[in-house]
Undergrad: 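Right, I'll just put the structure down here and ask away after.
Lettering of chains follows the sequences in order, A, B, ..., and the numbering in each one begins at 1.
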Amino acid sequence: MMTRLALVSESAKTAPQSNAPTTPESGLSEDATPRLLVIDGHSMAFRAFYAMPVDKFVTQAGQHTNAVHGFTAMLLTMIKERKPSHVVVAFDLDTPTFRSLEYTEYKAGRNKTPEEFYGQIDLIIKVMAAMNIPTISVDGFEADDIIATLAAQGEAAGWDVLVVSGDRDAFQLITDKVSVLYPTKGISAIPPMDAASVEAKYFVPPNRYSDLAALVGETADNLPGVPGVGPKTAAKWINQYGGLEGILENLDAIGGKVGESLRAHVDDVKRNRRLNHLLRDMELPVPLEQTLLQAPDRDAVEELFDSLEFNQLRKRLFDLFGEAETDDAGEAHQVPAHRVVTEAAALQAWLAVDGVCAVDVLSEKLGLAHEAVGVALVRADSAVVVDLRTADEALESALASWLASDATKVVHEYKEALKALSVRGLSLAGVQDDTSLSGYLIQPDRRSYELAELSKVHLKVGFEDSVQESSGQLDLGLSEDTSFADAVQRGYVALLLSEHFAPLLVERGAAVLLRELELPLAAVLAQMELTGIAISQERLAVLLADFTAAMNAAQAAAFAAIGHEVNLGSPKQLQEVLFEELGLPKTKKIKTGYTTDAASLKALLEKTGHEFLAQLMAHREASKLKQMVETLKKSVAEDGRIHTTYAQNVAATGRLSSNNPNLQNIPVRTEEGRRVRDILVVSEGYECLLAADYSQIEMRIMAHLSGDAGLIQAYAEGEDLHRYVGSHVFGVAPADVTSAMRSKVKAMSYGLAYGLTSFGLSKQLEISVDEARTLVKDYFDRFGGVRDYLRGVVEQARVDGYTSTIEGRRRYLPDLSSADRQLRELAERIALNSPIQGSAADIIKHAMLGVAGELQRQDLKSRMLLQVHDELILEIWPGELETVKALVVEQMGSAADLLVPLEVQLGLGASWNDAGH
DNA sequence: TCTGGAGCAA
DNA sequence: ACGTTGCTCCAGAA
């Protein structure tokens with residue numbers, strides 16, 4: 001059950017605290033007696049349909065949803081107001097029932113189902129599934145029988161039962177424990193009918209209601225009664241003779257016209273009574289206990305309500321389940337009480353107990369980095385906190401040796417913990433799980449892996465974290481007590497999550513990836529981030545001045561060309577100048593008008609030769625570079641170095657990403673851009689930078705995965721791949737492959753790994769679609785293995801629901817079966833690309849572990865600084881160059897065993913630019 | 001504060 | 001509709 005109150009530590013309860021438990025007004029379990037809510041699905045759906053305007057509830061896809069909406073709203077209101085502990089919905093099937101088989105006119109003559117109603121029952125069933133509410137339908141029986149059986153079972157178990165039905169036959173079910181809610185108008189809530197209200201209305205007790213209905217008839221079911229007999233007469237007879245049986249025994253005693261009428265229609269009455277008798281002893285596919293009201297499946301609700309365009313209802317639903325039920329979950333997930341230990345002996349005593357322990361490191365901002373100030377150690381039933389600011393030497397050393405030991409630990413964000421601890425000279429070993437990484441391996445395309453979110457999604461337990469909510473800063477008036485309590489809470493959640501993830505990891509084949517790749521890599525990355533890369537302040541200053549001057553010159557010239565000023569950085573203003581003022585031809589349409597991107601400006605310049613365009617492009621380039629240099633300058637730390645941060649759980653393919661600043665997108669293609677790489681230099685005391693990159697790793701993976709004989713042969717012979725492919729595609733000797741041919745097949749080869757279409761290829765190569773199509777065909781004729789592989793990947797992914805890298809890293813692609821063509825085709829392209837990009841990511845990660853391992857094993861001072869997807873940048877200590885070159889080539893080259901060799905290129909220099917090649 | 005456009009890398 | 005994975009900046013709207 002989703003609750004934000006469950007995770008409250010014992011110690012927190014004593015102090016006033018934002019997340020202290022409050023007694024909810026509507027605890028779902030406040031009553032000792034279970035309360036079962038049974039809903040007649042079809043009748044309520046119809047009520048909802050006629051209660052809600054048809055034309056106000058249509059999705060963009062054209063699906064009517066008024067009945068779904070009304071039904072769901074009604075259900076939420078019921079749950080909120082009636083507070084059932086158990087909920088179940090019964091549906092009719094379209095198949096014949098024992099009633100329609102006996103009496104073919106049964107329920108005939110009803111109006112045809114309106115077209116707009118079509119499909120809404122299925123949607124309601126889907127909503128119920130997302131809400132984890134069971135639905136029951138049984139072939140050959142009506143929902144009424146299911147409801148009667150459920151009511152009987154509930155009553156037998158001593159429960160209270162509330163039946164919601166638009167069918168009066170349900171009145172016969174009413175007892176002390178069973179009441180019926182029969183909406184008279186629409187679906188608005190009215191008080192339920194009990195025995196007294198049935199008697200008041202029909203003058204018979206509920207158990208005689210069926211007798212009355214048999215005599216009177218039921219229009220809705222097309223069951224004619226005795227002409228001339230209404231409820232009053234029927235009730236009189238029933239009370240006089242003690243029920244229908246008594247009436248039938250005394251048929252002749254009833255006088256008058258109505259008596260004759262009764263005798264004439266006695267068979268109808270008997271039939272009516274047989275038909276309106278509800279079965280109470282059916283075998284149901286869902287046992288009563290399974291109707292327990294649970295938390296909705298959040299993801300499923302999100303997805304379904306998105307497609308139904310139910311935004312208000314979604315909020316109502318989550319509000320309802322967010323504030324409900326605290327007791328049960330609270331007991332199941334009780335954060336252990338903690339104490340702050342100040343003595344080494346006390347800590348050692350606590351640590352002597354066995355069991356997995358979560359470690360949460362509290363840190364404080366220290367310049368651009370973080371420094372550990374406290375450590376919370378949490379086991380399932382007990383927790384301690386060490387305050388590093390006040391700890392004496394003995395305590396800190398006791399903690400340090402335990403942290404460095406191989407005692408098994410669970411953390412959230414291992415890399416950050418390592419970095420914060422390392423500032424204090426502490427290490428952290430024995431980590432068997434980092435929930436931010438295991439969460440990622442299980443579900444690699446989430447946007448965030450914050451503890452609170454993982455907890456919500458996977459454990460259905462929400463919690464508040466005052467530290468996270470105040471954006472990680474500790475000095476915002478938060479008491480120490482609060483931060484310690486929060487740290488304990490985070491540790492406890494990490495512990496629960498880790499336990500929850502363990503079987504999922506195994507099931508998804510990700511346990512090995514976590515243990516042998518991601519976790520050890522986190523430690524390597526932490527070290528790289530802490531090390532950073534040196535910069536040249538002088539070059540930085542010169543470059544900034546140069547780019548600023550170039551930018552200003554271009555801006556002045558641009559203004560001169562049009563005779564006035566304009567914000568060159570505003571696409572909106574540029575559109576005005578280009579397409580209205582200058583009347584240039586329109587470019588490709590975008591959301592906000594017409595694009596002013598570089599490719600379009602280039603095309604416009606070639607067409608018109610307008611000076612403004614040339615200056616605008618020059619300005620764009622210079623200001624981009626200037627801005628980039630400025631960003632780098634701002635990110636220089638006190639040690640004069642730049643420390644990027646690698647995100648290990650952002651790219652859904654398994655790649656790393658780099659931020660603050662991003663050092664994976666430093667320019668390299670143009671001469672001017674490469675000057676930015678000159679800023680990043682070798683540290684003082686070191687000999688040079690070494691850049692090592694894989695040559696065409698993605699194409700080699702393509703060769704491996706496809707097993708294409710041609711590609712494998714090309715690599716085996718060490719040929720220039722694109723020249724080789726070109727010679728085959730164009731049918732000429734390798735020596736006769738022109739540079740135009742080579743660049744075509746190069747674009748083609750890489751495009752294939754991205755799901756390129758003929759259209760895209762034609763655009764990129766500036767050739768006709770026909771020409772592109774021919775190129776694709778010729779390519780596939782020669783390299784059929786590639787075509788077969790690419791086809792197979794998508795097919796397999798559709799079957800499995802996911803793609804895999806060589807190492808088994810998965811990416812789930814539910815959109816492969818989406819009805820939305822755009823989404824589906826995107827998923828197909830992702831399916832083509834992920835195994836290739838992801839396998840490359842796995843390989844370089846292995847290489848990094850190998851390189852870091854060898855550097856350490858050989859006790860070298862050279863160090864790894866950066867990773868740029870297929871490239872590693874190292875810094876070489878004097879005298880170690882040859883050793884490091886050899887180990888880097890060896891480790892990178894042997895990081896995977898492919899059908900083709902992995903080739904590594906090396907470059908050396910005093911700056912990153914110089915080390916490039 | 002958020003979105004779209006733009007542009008840099010692999 | 002038309003090539004994947006990222007990050008960051010700016011302008012302009014809210």
Undergrad: Aromatic contact between Y750(A) and Y754(A), with the criterion being ring centroids under 6.0 Å apart: yes or no?
TA: no
Undergrad: Quick one: does any side-chain atom of E875(A) pair with a main-chain N or O of V682(A) as donor and acceptor, under 3.5 Å?
TA: no
Undergrad: Do any side-chain nitrogens or oxygens of Q764(A) fall under 4.0 Å of OP1 or OP2 in dC2(C)?
TA: no
Undergrad: Write down the distance separating the P atoms in dA1(C) and dG5(B), rounded off to the nearest Å.
TA: 14 Å
Undergrad: Give the C-alpha distance, both sets of side-chain angles, the deciding distance and a yes or no for side-chain hydrogen bond (donor to acceptor under 3.5 Å, both in side chains) between Q664(A) and S658(A).
TA: CA-CA 6 Å; Q664(A) 290 181 323; S658(A) 154; 4.7 Å; no
Undergrad: Please determine, for the side chain of Y754(A), which listed nucleotide (dT4(C), dA11(C), dC7(C)) has the closest atom?
TA: dT4(C)
Undergrad: Roughly how many Å apart are dG4(B) and dC2(C), using the P atom of each and rounding to a whole number?
TA: 15 Å
Undergrad: Is any side-chain nitrogen or oxygen of N662(A) closer than 4.0 Å to OP1 or OP2 of dC8(B)?
TA: no
Undergrad: Quick one: is R655(A) getting a side-chain N or O under 4.0 Å of the dA10(B) phosphate, OP1 or OP2?
TA: no
Undergrad: To the nearest Å, give me how far apart CD (Q575(A)) and P (dG12(C)) are.
TA: 11 Å
Undergrad: Compare side-chain N and O positions of R821(A) against OP1 and OP2 of dA1(C) and report whether any pair is under 4.0 Å apart.
TA: no
Undergrad: Heavy atoms from C-beta onward define the side chain here; which of dA13(C), dT5(C), dA10(B) lies closest to that of H869(A)?
TA: dA10(B)
Undergrad: Does a nitrogen or oxygen in the side chain of T631(A) sit under 4.0 Å from OP1 or OP2 of dC9(C)?
TA: yes
Undergrad: With a 4.0 Å cutoff (strictly under), does any side-chain N or O of R669(A) reach OP1 or OP2 of dA10(B)?
TA: yes
Undergrad: Just wondering, are more than 12 heavy atoms of other shown residues or ligands nearer than 6.0 Å to CZ in R620(A)?
TA: yes
Undergrad: dT5(C) phosphate, OP1 or OP2: any side-chain N/O from T653(A) under 4.0 angstrom?
TA: no
Undergrad: Of all the choices, dA10(B), dC9(C), dA11(C), which nucleotide is nearest to the side chain of S570(A) once you look at every atom?
TA: dA11(C)
Undergrad: Would you say S657(A) places a side-chain N or O within less than 4.0 Å of OP1 or OP2 belonging to dT5(C)?
TA: no
Undergrad: For dT5(C) and R811(A) - does any side-chain N or O of the residue sit under 4.0 Å from the phosphate oxygens OP1/OP2?
TA: yes
Undergrad: Should K591(A) be listed as having a side-chain N or O under 4.0 Å from OP1 or OP2 of dG4(B)?
TA: yes
